[in-house]
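Reviewing the structure listed below.
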Amino acid sequence: MIVTKGLTKRYGHLLVVDHVDLDVREGDRYGFLGPNGSGKTTVVRMLLGLVYATSGEITVLGKPVPKQVSEVLPSIGALVEGPSSYGHLSGRANLALIDAAGKSGSRRTRRRRITDTLDRVGLGGIDNRPVKRYSLGMRQRLGLAAALLRTPQLLILDEPTNGLDPQGIREIRDLLIELNAAGTTVFMSSHQLGEVEQLCTRVGIVNRGQLVKQDDLATLRALTGRSVVRTPDVDRALEVLDGRVEHCDVDRLLVADADTSALNARLVAAGVRVTEIGAERRSLEDVVLAVTGSGSDRVDGSDRIGAVGGDTQ
């Protein structure tokens, strides 16, 4: 669905995207992750032909981009850098303009299609207030509605749950899973690791413009070789396990033993009550931090330009 080879983007001497090789397969729910300023949005914009690459190749839905981007755009739904709209018009009026421009379907069915799409994104009861009076979450839902008008084969989304409350995030997650099950491939740029962990099946991680990891989420979240045990009998469990507990947090023990069955049997035989036991897996946060290192946008005092006593020129 999306393949890039050596994708690179420079702005003058500034290297923003550095030889990125994406591989997004049909049916994926692909999470595109990385620290702020790592080049995620620039990559998304290049995929849609909004920004031209300095070098490298892009293929979307089997067609080269930007050369044949006009041929694939009708099959793509996109939400990039927040939804765009005419602030003085209502949400329905905005969708009607988008539908007419994109020739998404018959004019006779436009009203029904817009209503159905608004229902899907949680705006079915919207009134005629202008979009400039919408909350951030409502504007985000409207942007997603615009992306879904064409019943796309591919959804390319940049931070689709930005501004939504927890209930709204869950609703959008369920909607994207539903669309994916019906045949839509989802490519989503996000910084919300917990959301990506619940939604995505495949992940790519960028840092300082480079793709540093790309794999199935299940593979990335490999077993650590340790077990997690919860018990109200912490002192007795520590005694029985005899130095194999690597960490203890109230009633939760992290044990250097991957055999949960044998571990459980040993504890129970010693009279330890086990309320929960399971193999530990790496979290997506662990994976991202391991491959991005210090790729944060944090600026500490030692990083300041023109610090006290320094040269500001």
Side-chain angles (χ1 to χ4, degrees), residues 1-2 24 26-32 41 44-45 47-50 60-61 69-86 89-127 131 134-165 167-190 192 195-196 198-201:
M1 300 297 279
I2 299 174
V24 181
E26 184 174 1
D28 277 351
R29 297 196 299 269
Y30 190 107
F32 194 44
T41 297
V44 170
R45 292 175 66 82
L47 296 180
L48 295 168
L50 300 174
V60 178
L61 297 176
V69 69
S70 60
E71 296 182 30
V72 297
L73 284 180
S75 299
I76 299 174
L79 174 60
V80 182
E81 291 188 305
S84 59
S85 59
Y86 293 102
L89 297 178
S90 70
R92 290 179 186 276
N94 270 280
L95 291 184
L97 290 174
I98 293 169
D99 186 79
K103 300 179 181 178
S104 304
S106 169
R107 182 177 179 179
R108 290 181 299 174
T109 62
R110 180 172 298 155
R111 183 186 296 270
R112 177 180 57 78
R113 284 185 288 104
I114 289 174
T115 296
D116 290 346
T117 304
L118 288 172
D119 284 339
R120 297 188 82 177
V121 301
L123 290 178
I126 200 67
D127 53 26
V131 170
Y134 284 14
S135 67
L136 175 59
M138 290 172 66
R139 291 197 299 272
Q140 199 73 7
R141 288 175 186 267
L142 182 64
L144 186 56
L148 296 179
L149 273 176
R150 298 174 177 176
T151 314
Q153 289 179 249
L154 173 65
L155 267 177
I156 297 179
L157 308 172
D158 188 18
E159 303 288 355
T161 56
N162 184 38
L164 298 179
D165 58 24
Q167 179 62 33
I169 290 173
R170 182 171 185 175
E171 290 172 1
I172 297 304
R173 182 203 316 147
D174 291 344
L175 173 59
L176 293 178
I177 291 174
E178 175 190 327
L179 290 167
N180 179 252
T184 299
T185 299
V186 178
F187 178 89
M188 181 180 78
S189 167
S190 179
Q192 297 186 16
E195 187 56 28
V196 169
Q198 293 187 70
L199 172 65
C200 295
T201 57

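Closest of all the heavy-atom pairs between Val186 and Leu176 is CG2-O, 4.2 Å. Annotation for Pro160 and Ser189: closest pair CD-O, 3.8 Å, computed over non-hydrogen atoms. Looking at every heavy atom in both residues, Leu118 comes nearest to Ala145 through CD2-CB, 4.4 Å. The two residues Asp119 and Gly124 come nearest to each other via the heavy atoms OD1-CA, 3.0 Å. Contact between Val196 and Met188 at its shortest, heavy atoms only, is CG2-CE, 3.9 Å. Nearest approach of Pro152 to Gly77, heavy atoms of both residues: CB-N, 3.3 Å.
With sequence neighbours left out, the ring pair (Phe, Tyr, Trp, His ring centres under 6.0 Å) criterion links Phe187 to Tyr30, Phe32. Take Thr115 and apply the side-chain hydrogen bond (donor to acceptor under 3.5 Å, both in side chains) test, not counting sequence neighbours, and it matches Arg92.
Val131 has its side chain out of reach of Leu89: every pair of non-hydrogen atoms, C-beta onward, lies at least 4.5 Å apart. Contact of the Leu155 side chain with the Leu179 side chain is registered, since non-hydrogen atoms from C-beta on lie closer than 4.5 Å. Using a 4.5 Å cut-off on side-chain heavy atoms (C-beta onward), Thr184 and Gln153 make no contact. In this structure, Leu154 and Glu26 have side chains that are not in contact, with every pair of non-hydrogen atoms separated by 4.5 Å or more. Using a 4.5 Å cut-off on side-chain heavy atoms (C-beta onward), Leu157 and Val44 make no contact. Side-chain contact between Leu48 and Val60 is absent, with no heavy atoms from C-beta onward closer than 4.5 Å. Annotation: side chain of Gln140 is in contact with side chain of Leu79 (closest heavy-atom distance under 4.5 Å).
Looking only at atom types and distance, the side chain of Asp28 has no donor-acceptor partner in the side chain of Thr185 under 3.5 Å away.
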- Go through the steps to decide whether Ile76 and Leu47 satisfy the test side-chain contact (heavy atoms from CB on, under 4.5 Å), and finish with yes or no. CA-CA 11 Å; Ile76 299 174; Leu47 296 180; over 6 Å; no

- Apply side-chain contact (heavy atoms from CB on, under 4.5 Å) to the pair Asp158 and Arg45, showing each step before the final yes or no. CA-CA 10 Å; Asp158 188 18; Arg45 292 175 66 82; over 6 Å; no

- Item | side-chain contact (heavy atoms from CB on, under 4.5 Å) assessment of Met138 paired with Ile126 | CA-CA 9 Å; Met138 290 172 66; Ile126 200 67; 3.3 Å; yes

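To the nearest 0.5 angstrom, Gln167 atom CD is 10.5 Å from Ile172 atom CD1. Leu123 CG to Leu142 CG: the interatomic distance, rounded to the nearest 0.5 Å, is 6.5 Å.
Residue pairs meeting the side-chain hydrogen bond (donor to acceptor under 3.5 Å, both in side chains) criterion with at least one member in residues 174-183, sequence neighbours excluded, are Arg29-Asn180, Arg120-Glu178.
Residue-environment remark: CD (Glu71) exceeds the threshold of 12 foreign heavy atoms within 6.0 Å.
No donor-acceptor pair under 3.5 Å is formed between the side chain of Thr161 and the backbone N or O of Leu164. Distance alone, capped at 3.5 Å, places no donor-acceptor pair between the Thr109 side chain and the Arg112 backbone.
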